[in-house]
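Presented below is the structure to which this report refers.
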Amino acid sequence: MSVYTESLNKLIEEFGKLPGVGPKTAERLSFYILKAEPAEAMKLAKAINDVKNKIKHCEICYNLSEEATCQICCDSRRDKSIICVVEQPKDVIALEKTGACKWVYHVLGGHIAPLEGVEPGDLTIDKLVSRVRKGNVKEVIMATNPNMAGDGTALYISSLLKPAAVKITRLARGIATGSTIEYASGRMLTDAIIGRQQLQ
Ligand SMILES: [Zn+2]
């Protein structure tokens, strides 16, 4: 038997599934919603609904977008001859915050991890290869995470891109090995971008 009503219990349970939210916080958030003006509370419901229904993947780079192509791919000031390859949309955000990026991206949707059941075919690697094959690309920057899975993914992709005769670089080791792009500081990322080195 729960001391809460069924619907309140459900809300606490759902909040409790969010990262970093413990039972106490889940309870506090739920009572906040319960007391809030209906219109105010429904804004949260609508925001959740909107991100689930409106956000899709850019058909060129697979970054998050509410249109067919994302704002970065649509930006005429971007250098489309440089493609920066990242694992997740969050990495694009981290790199963009440095203000040092004038290129376009390619979001893989993860890294190759056979033990976790993630094969190359589960990522957007084939889309990247055909993007590069279309020509007009002079550099591909591997900005996958500096850990084993990220390094392995970068090497796999660079072997596929070898016949395309394009310059392939990897972010410099300013970011601690085993760390992730997402949590690296802006300064570290900027250094890693400037110091990027040619692969193989
Ligand atoms: Zn895009």
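Residues: numbered from 1 along the sequence shown. In each ligand, atom 1 is the first atom listed, and ligand 1 is the first ligand listed.
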Between Thr144 and Arg170, does any side-chain donor sit less than 3.5 Å from a side-chain acceptor?
yes
Return all protein N, O or S atoms below 2.8 Å from the Zn ion (ligand 1), chain by chain in residue order.
Cys58 SG, Cys61 SG, Cys70 SG, Cys73 SG
Write down the atom of Ala100, the atom of Thr190, and the distance for their closest heavy-atom approach.
CB-CG2, 4.3 Å
Is a salt bridge present between Asp79 and Lys138, judged by a nitrogen-to-oxygen distance below 4.0 Å?
yes
Without hydrogens or angle criteria, can the side chains of Glu139 and Ser81 be said to hold a donor-acceptor pair below 3.5 Å?
no
Write out all pairs satisfying ring-ring contact (aromatic ring centres under 6.0 Å, His included) with one or both partners inside residues 48-75, taking only residues at least two apart or from two chains.
Tyr62-His106
Do Glu66 and Lys54 meet the salt-bridge criterion of a basic N to acidic O distance under 4.0 Å?
no
